[in-house]
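Here is the structure we will look at, set down as structure tokens.
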Amino acid sequence: MKTISILGSTGSIGTQALQVAKAHKIRVAALAAGSNVKLLASQAREFDVQYACIADNSKESELKELLSGTPTKILSGHEGLLQTASLDGVDIMLNAVVGMVGLEPTLKAIEKGTDIALANKETLVTGGKLVTELARKKNVRIYPVDSEHSAIFQCLQGNNIRDLKKIILTASGGPFFGKKKSELENVTVGQALAHPNWSMGNKITIDSATLMNKGLEFIEAMWLFDLKPSQIEIVVHRQSVIHSAVEFNDNAVIAQLGVPDMKIPIQYALLFPQRVSCDTGELSLTQYGTLTFEKPDFDTFDCLRACIEAVTKGGNLPAAVNGANEEAVRLFLGGKIGFLDIGRLVCGCLENTEYKEINTLADVLETDKAARNYVLAQMKG
Ligand code: NDP
Ligand code: MG
């Protein structure tokens, strides 16, 4: 039986991971959340965890109260999050927090020698070099949870990654696929949050509407599978049935299909290499009837273009576009900026960031801070 810890247990991925853990009797040793102390406490009680961590320090005493009379130890703040990520006796740490705040805990877990199930793509976008180098050194495995990357990982099983020619990264296209910029100027938060195929946390749902999410996934794929930008083709596939595909040197293409339900990739990451039952619906190809494939529109969805440009140039630039996007999405969700401002700010930040190599965590944090400051300065200006 495997023992796991979950950072971001109260979120969309975190709650689904707990359903998987319950269904397959995976032991949960520790949970961490941002500020949703009530849900965290009820999860901690249900799964009888050793540690519960609330990142928001001001909620620590409330968590203590809610868990009084239980053996669960309470942790809090950034330090608590790092401790939760690197506990003894944990086989896999599922990182399902949102944003680049997930990077440092990932590094801590790898340092400890704990395998990672990675949903938090911002970890690899901002610190891909640090994470993959350390994982290699520590012989730690990174199991992708993101559905496209899980698909690629699944397609590679039984094959030699050296024979991989390229990957086909599928994209749903989000709620605004087919629209031009002029039609998107007055998009509301509610419209942007209405994703056609997936139910997810707010930040990634906005990223899916701008196609920033596909840009982040492009970068994530490069680090996970050691690819060059020229080895990734993005294909818009509205139905989200083909979760991605790989093409080998002989031009054979292998794809992974399934209903759009994150429990499948979460479960594969946590139970690899086992294939056990999953309480999702079954895929009926005849019910879909037709699957469609189109090219992405890089002009309308400039965040996608910015991510590819950033990672092609490399260094700190992916961390810069990510930082600008995190800040811009926060402002958009708060009603402070318009939908198209997100792309403007991400592209503006990329233009205004000077290339630097990333060698340390401090390099990433510095770039991230500068990118956020760039966005905030544009707000004032
Ligand atoms: P949610 O917003 O639903 O959940 C985020 C989780 O992170 C919550 O538990 C939240 O706690 C916690 N959190 C937020 N800020 C902090 C912080 N500073 N410290 C510690 N914990 C924090 O996001 P999702 O579950 O949708 O996404 C999580 C990650 O997985 C993202 O990186 C996303 O891109 C990726 N992903 C998600 C998919 C999905 O289907 N949802 C699919 C593929 C990838 P609280 O509730 O207390 O605020
Ligand atoms: Mg995805």
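Count residues from 1 along the sequence. Keep in mind the model is a prediction, meaning the values are calculated, not measured.
- Minimum heavy-atom separation, I266 to I13: CD1-O, 3.8 Å.
- Of the charged side-chain nitrogens involved, at least one lies within less than 4.0 Å of a carboxylate oxygen, so that D299 and R305 count as a salt-bridged pair.
- Connection of I168 to L304 is not established within any shared hydrophobic cluster, with ILVMFWY side chains joined at heavy-atom distances below 4.5 Å, either directly or through further cluster members.
- For the residue pair P175 and A194, the shortest heavy atom distance occurs at CB-O, 3.3 Å.
- Here the shortest heavy-atom pairing between L39 and N36 reads N-OD1, 3.2 Å.
- Contact record, V131 with T123: CG2-CG2, 3.9 Å, taken as the closest heavy-atom pair.
- Rounding to the nearest 0.5 angstrom, the gap separating the CD atom in E148 from the NZ atom in K121 is 6.5 Å.
- Looking at T188, its side chain does come within 3.5 Å of a backbone N or O of Q191 through a donor-acceptor pair.
- The line from CG of N120 to CG of L118 is 6.0 Å long, rounded to the nearest 0.5 Å.
- Both the sub-6.0 Å distance and the 45° axial angle are not jointly satisfied by K165 relative to the ring of F248.
- T15 is not listed as a side-chain neighbour of S9, based on a closest heavy-atom distance of 4.5 Å or more.
- With hydrogens and angles disregarded, a donor-acceptor distance shorter than 3.5 Å links the side chain of D363 to the backbone of N359.
- Considering all non-hydrogen atoms of both residues, L63 and A52 come closest at CD2-O, 3.9 Å.
- Ion pairing between E357 and K129 fails under the 4.0 Å rule for side-chain N and carboxylate O.
- For the residue pair S240 and N197, a side-chain donor N or O sits within less than 3.5 Å of a side-chain acceptor on the partner.
- Looking at E326 and R330, no side-chain N of the basic residue comes within less than 4.0 Å of a carboxylate O on the acidic one, giving no salt bridge.
- Between H149 and F225, the ring planes are parallel. Angles under 30° get that label, and only those over 60° would be called perpendicular.
- Contact of the K112 side chain with the V140 side chain is not registered, since no non-hydrogen atoms from C-beta on lie closer than 4.5 Å.
- Ring planes of F153 and Y268: perpendicular class, angle over 60° (limits at 30 and 60°).
- For the residue pair T205 and N202, no side-chain donor N or O sits within less than 3.5 Å of a side-chain acceptor on the partner.
- Going from atom CG of L94 over to atom CD of Q16 covers 11.0 Å, rounded to the nearest 0.5 Å.
- Note on E217 versus K214: salt bridge recorded, some NZ/NE/NH1/NH2 to OD/OE distance being below 4.0 Å.
- Here ring-ring contact (aromatic ring centres under 6.0 Å, His included) pairs that include residues 285-323, with residues two or more places apart or in two chains, are H237-F293.
- Using modelled atom types and a 3.5 Å distance limit, the side chains of H24 and S277 yield no donor-acceptor pair.
- Annotation: K2, atom NZ; neighbour count of heavy atoms from other residues, nucleotides and ligands within 6.0 Å is above 12.
- With respect to K181 and E185, no salt bridge is recorded, no charged nitrogen being found less than 4.0 Å from a carboxylate O.
- Residues L87 and I26 do not share a hydrophobic cluster, defined by chaining ILVMFWY side chains whose heavy atoms lie under 4.5 Å apart.
- Checked for salt-bridge contact, E327 and K336 miss the test: no charged N lies under 4.0 Å from a carboxylate O.
- Few gaps surround NZ on K263; more than 12 heavy atoms of other groups in view lie less than 6.0 Å from it.
- Side-chain heavy atoms closer than 4.5 Å link hydrophobic residues (I, L, V, M, F, W, Y) into clusters, and following such links, possibly through other members, connects L365 to L317.
- When atom types are taken as modelled, the side chain of T72 and the backbone of V49 share a donor-acceptor pair closer than 3.5 angstrom.
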Worked check of side-chain hydrogen bond (donor to acceptor under 3.5 Å, both in side chains) between T126 and N322: CA-CA 7 Å; T126 57; N322 179 75; 5.3 Å; no

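- Under a 4.0 Å N-O distance rule, the pair D297/K179 does not qualify as a salt bridge.
- Under the 3.5 Å distance criterion, the side-chain polar atoms of T3 are left unmatched by any main-chain donor or acceptor of A29.
- Rounding to the nearest 0.5 Å gives a distance of 8.5 Å between CG of L224 and CD1 of I152.
- The backbone N or O of G174 lies less than 3.5 Å from a partner atom in the side chain of R238, making a donor-acceptor pair.
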